[in-house]
2 protein chains.
Amino acid sequence: MNFIFLDRPRPLSLTCIMGNRRKHSTACPRKVSEKKEQLKAFLKQKGFKSTRQRDIIVTEFLKTGEHITAEDLYRKINRKNREIGFTTVYRTLKLLTKSGFATERLFADNLTRYEPLSAEEHHDHLICLSCGSIMEFENLKMERLQEKIAEEFGFCIITHKMEFYGYCRECRDNAPA
Amino acid sequence: MNFIFLDRPRPLSLTCIMGNRRKHSTACPRKVSEKKEQLKAFLKQKGFKSTRQRDIIVTEFLKTGEHITAEDLYRKINRKNREIGFTTVYRTLKLLTKSGFATERLFADNLTRYEPLSAEEHHDHLICLSCGSIMEFENLKMERLQEKIAEEFGFCIITHKMEFYGYCRECRDNAPA
DNA sequence: TCCTAATTGAAAATGAATTTCATTTTCCTT
DNA sequence: AAGGAAAATGAAATTCATTTTCAATTAGGA
Ligand SMILES: [Mn+2]
Ligand SMILES: [Mn+2]
Ligand SMILES: [Zn+2]
Ligand SMILES: [Zn+2]
């Protein structure tokens with residue numbers, strides 16, 4: 001029998017902006033260096049080491065911003081830094097995830113993507129089946145309704161996944177019938 | 001660049017029962033043979049063939065009811081029918097999916113599960129991280145809210161995925177802090 | 001019954017994710 | 001500034017679910 005399980009999911013905590021488009025954390029250099037400081041502190045505290053590779057990978061990851069696979073991030077980095085291996089990129093993203101600086105996402109194409117995300121944030125996704133663009137939203141009413149439904153079952157929600165698949169504004173006209 | 005895509009998703013159509021527990025289609029023999037008739041008709045129409053293997057596999061699948069992996073269904077069948085191969089079980093589940101008799105589900109453990117489901121039905125899932133039990137629900141208010149959010153983005157929803165992970169009534173007491 | 005196309009199942013291939021292991025690097029302690 | 005222990009690196013190997021291949025078998029219409 002195969003049981004569902006998640007390895008210690010982090011409980012959600014909401015920023016509770018209603019129905020709002022989430023602003024992409026597009027590589028604001030201020031935020032990037034702030035995050036890098038936090039990470040450095042985290043590493044030191046845990047007895048882990050700051051390395052040239054981690055610095056490059058994290059920088060590129062934060063700069064990139066959204067929903068990238070380890071493979072794609074590796075390719076990006078590899079253009080400038082031929083000596084950094086895929087494994088290190090992969091492991092760094094895992095490390096970021098475990099330490100709360102990133103979130104793993106598994107959308108319908110079943111590839112693991114990562115996005116920079118502080119532990120307090122939560123949002124859900126709209127994914128265009130035509131152009132692949134990913135939009136983000138958070139909606140308090142939705143979260144409340146989820147809680148309400150869960151209550152009916154005596155179910156205690158730790159985390160949830162909500163994804164809409166369809167066609168974005170730009171693609172909806174030439175969507176298949 | 002890796003783009004998200006789904007291979008021709010079927011649009012949702014709701015039965016629109018509000019906040020209701022979905023009754024498990026627990027192998028009601030009447031329904032089972034009805035579905036098997038439909039499948040037989042479908043096969044004939046498409047020029048596909050009715051085989052002993054397909055009959056056994058479909059019977060067992062419908063009887064089992066909910067959210068089973070190809071592997072688990074194979075094991076179940078294999079106890080009585082040593083000569084039916086995994087590949088055939090796998091392919092039959094794929095066939096059922098493509099022909100609208102089953103739905104593929106990918107939960108957080110990243111194993112493909114199948115559930116018998118007529119094309120018109122839709123529901124979402126509550127998944128217990130402790131005992132692995134899966135509950136089902138449908139909620140019209142939720143679906144409407146989703147549409148409303150999508151509209152804000154000019155997004156046309158074709159399908160969606162909504163899963164709650166947490167602890168069920170039975171498990172919530174001994175859930176980790 | 002005959003024939004053709006579909007089906008079957010063992011085995012191989014695929015491909016993303018993860019682990020191994022020998023070597024290198026970090027950084028704490030003398 | 002060494003020295004040394006523990007961590008990190010990266011190429012290669014492994015894992016594991018899923019999917020495909022291919023030769024043999026079977027279904028079902030003519
Ligand atoms: Mn996101
Ligand atoms: Mn279900
Ligand atoms: Zn689009
Ligand atoms: Zn439970």
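Chain letters run A, B, ... following the sequence lines, proteins first, then strands; residues in each count from 1.
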*Asks:* Tell me whether the side-chain N/O atoms of K49(B) come closer than 4.0 Å to OP1 or OP2 in dT26(D).
*Replies:* no

*Asks:* Tell me: OH of Y74(A) to P of dA16(C), nearest whole Å?
*Replies:* 14 Å

*Asks:* Without decimals, in angstroms, what is the distance between L43(B) CG and dG28(D) P?
*Replies:* 9 Å

*Asks:* Kindly say whether the aromatic ring centers of F164(B) and F137(B) come within a distance under 6.0 Å.
*Replies:* yes

*Asks:* For dT9(D) and T51(A) - does any side-chain N or O of the residue sit under 4.0 Å from the phosphate oxygens OP1/OP2?
*Replies:* yes

*Asks:* Whole Å only: how far is the CG atom of L95(A) from the P atom of dA8(D)?
*Replies:* 8 Å

*Asks:* Whole Å only: how far is the CG atom of N110(A) from the P atom of dT14(C)?
*Replies:* 19 Å

*Asks:* Can you check the I68(A) CD1 to dA17(C) C1' distance for me, whole Å?
*Replies:* 17 Å

*Asks:* Looking at every heavy atom in both N78(B) and I84(B), which two are closest together, and how far apart are they?
*Replies:* ND2-O, 4.1 Å

*Asks:* Rounding to a whole Å, what distance do you find between F48(A):CZ and dA5(D):P?
*Replies:* 20 Å

*Asks:* Between atom CZ in F86(A) and atom P in dT18(C), what is the gap in whole Å?
*Replies:* 9 Å

*Asks:* Is the NZ atom of K40(B) crowded by more than 12 outside heavy atoms at less than 6.0 Å?
*Replies:* no

*Asks:* Is there a donor-acceptor pair under 3.5 Å between the side chain of R105(A) and the backbone N or O of E115(A)?
*Replies:* no

*Asks:* Find every protein N or O atom lying less than 3.5 Å from an N or O atom of nucleotides 19-22 of chain C, and list the pairs.
*Replies:*
{"residue": "dT20(C)", "atom": "O4", "partner": "R91(A)", "partner atom": "NH1", "Å": "3.3"}

*Asks:* Which comes earlier along DNA chain D counting from the 5' end, the contact point of T112(B) or that of R54(A), where each point is its nearest nucleotide?
*Replies:* R54(A)

*Asks:* Salt bridge (Lys or Arg N to Asp or Glu O under 4.0 Å) with E37(A): which residues, sequence neighbours excluded?
*Replies:* none

*Asks:* Using OP1 and OP2 only, check whether a side-chain N or O of Q53(B) sits under 4.0 Å from dT7(C).
*Replies:* no

*Asks:* Mind telling me whether Y90(B) and F86(B) have parallel, tilted or perpendicular rings, with 30° and 60° as the class edges?
*Replies:* parallel

*Asks:* Show me the donor-acceptor pairs within less than 3.5 Å that the side chains of residues 50-59 of chain B make with the rest of the protein, sequence neighbours left out.
*Replies:*
{"residue": "T51(B)", "atom": "OG1", "partner": "R54(B)", "partner atom": "N", "Å": "3.1"}
{"residue": "R52(B)", "atom": "NH1", "partner": "E83(B)", "partner atom": "OE2", "Å": "3.1"}
{"residue": "R52(B)", "atom": "NH2", "partner": "E83(B)", "partner atom": "OE2", "Å": "2.5"}
{"residue": "R54(B)", "atom": "NH1", "partner": "K49(B)", "partner atom": "O", "Å": "2.8"}
{"residue": "D55(B)", "atom": "OD1", "partner": "K36(B)", "partner atom": "NZ", "Å": "3.4"}
{"residue": "T59(B)", "atom": "OG1", "partner": "K36(B)", "partner atom": "NZ", "Å": "2.7"}
{"residue": "T59(B)", "atom": "OG1", "partner": "D55(B)", "partner atom": "O", "Å": "2.6"}

*Asks:* Can you tell me how far C1' of dA5(C) sits from NZ of K44(B), to the nearest Å?
*Replies:* 16 Å

*Asks:* R52(B) or A70(B): which one's nearest nucleotide on DNA chain D is closer to the 5' end?
*Replies:* A70(B)

